[in-house]
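Scroll down for the structure; my scribbles are underneath it.
Throughout, numbering of the chain's residues begins at 1 and tracks the sequence.
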Amino acid sequence: MLDKFLARCVFLVLVIFFVFYDSSSLIAHAANIDPYIGRYLHVTEPIALEMDAQGNTRLFSPVELSVGKKLFEANCINCHVGGATLPDPQVSLALTTLQGANPPRDRINALIEFMRQPMTYDGSQETYWCRQLTPNFLPQQQIESLAAFVLAAAKKAPGWGQEDF
């Protein structure tokens, strides 16, 4: 009888612990998600984005997109407010513009390749208008989050890359 009572008490304590632990981690998880990601990109669950032209995809969580947004604000927003390109308005971060670049920049790996070594829109030469993001400056996981944010915004954010955003 005492064994059953102790077993029930231990079970109850474990249930309370896991409920509290899970709810506190959900709150912490939600605190790391930028409201822009849900409101304008409509992302509340991981989304699949194309990594390359072969159709390989990777899931990006709302937290990773939030990290990408913070990196965008820290490194890109001075020239790319709302996805526009202030120094060269003809070359915005709109999806159609990214697709029209040579080579196209509408997939994660291609956009990372551009950010690692910026080239002119026609791909003919290096450009110094865009900051080069070396692996020492921005590791692979962070640059993937940055590229994922740019592509998700290009696909879903109202007015992204438009002159009249």
How long is the span from the [atom1] atom in [X] to the [atom2] atom in [Y], to the nearest 0.5 Å?
X	Y	atom1	atom2	answer
Asp34	Arg39	CG	CZ	9.5 Å
Leu65	Leu49	CG	CG	7.0 Å
Leu41	Lys155	CG	NZ	11.5 Å
Leu133	Ile143	CG	CD1	5.0 Å
Asn102	Ser124	CG	OG	9.0 Å

[X] side chain near [Y] side chain, heavy-atom distance below 4.5 Å:
X	Y	result
His80	Val150	no
Glu144	Glu64	no
Phe137	Gln132	no

The salt bridge (Lys or Arg N to Asp or Glu O under 4.0 Å) partners of Glu113 (sequence neighbours excluded) come to none

Transitive ILVMFWY side-chain link [X] to [Y], under 4.5 Å:
X	Y	value
Met115	Met119	no
Leu146	Trp129	no
Leu151	Ile77	yes
Leu111	Val91	no

Pair Phe72-Leu93, side-chain contact (heavy atoms from CB on, under 4.5 Å): steps then yes or no
CA-CA 12 Å; Phe72 182 84; Leu93 298 178; 3.9 Å; yes

[X] and [Y]: which non-hydrogen atoms are nearest, and at how many Å?
X	Y	answer
Ala53	Arg107	N-CD, 3.5 Å
Ser66	Asn32	CB-O, 3.4 Å
Pro104	Ala110	O-CB, 3.2 Å
Thr85	Ser92	OG1-CA, 3.4 Å
Ile47	Ala152	CD1-CB, 4.2 Å

Around atom CD of Gln140, are there more than 12 heavy atoms of other residues, nucleotides or ligands at under 6.0 Å?
yes

Can you tell me if Lys156 has over 12 outside heavy atoms packed within less than 6.0 Å of its NZ?
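Yes - once you tally the heavy atoms of other residues, nucleotides and ligands closer than 6.0 Å, there are more than 12.
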
Applying ring pair (Phe, Tyr, Trp, His ring centres under 6.0 Å), which residue pairs with at least one partner in residues 37-63 are found, sequence neighbours left out?
Tyr36-Tyr40

Identify, with sequence neighbours excluded, every residue that meets ring-ring contact (aromatic ring centres under 6.0 Å, His included) alongside Tyr121.
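Applying ring-ring contact (aromatic ring centres under 6.0 Å, His included) to Tyr121 gives none.
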
Do any N or O atoms from the side chain of Asn75 and from the backbone of Leu71 form a donor-acceptor pair under 3.5 angstrom?
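Side chain of Asn75 to backbone of Leu71: a pair is present.
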
With sequence neighbours left out, what residues match [X] under side-chain contact (heavy atoms from CB on, under 4.5 Å)?
X	value
Pro135	Arg116
Ala154	Leu95, Leu98, Trp160
Gln125	Thr120

From CA spacing to verdict: side-chain contact (heavy atoms from CB on, under 4.5 Å), Arg58, Ile108:
CA-CA 9 Å; Arg58 186 188 144 206; Ile108 298 292; over 6 Å; no

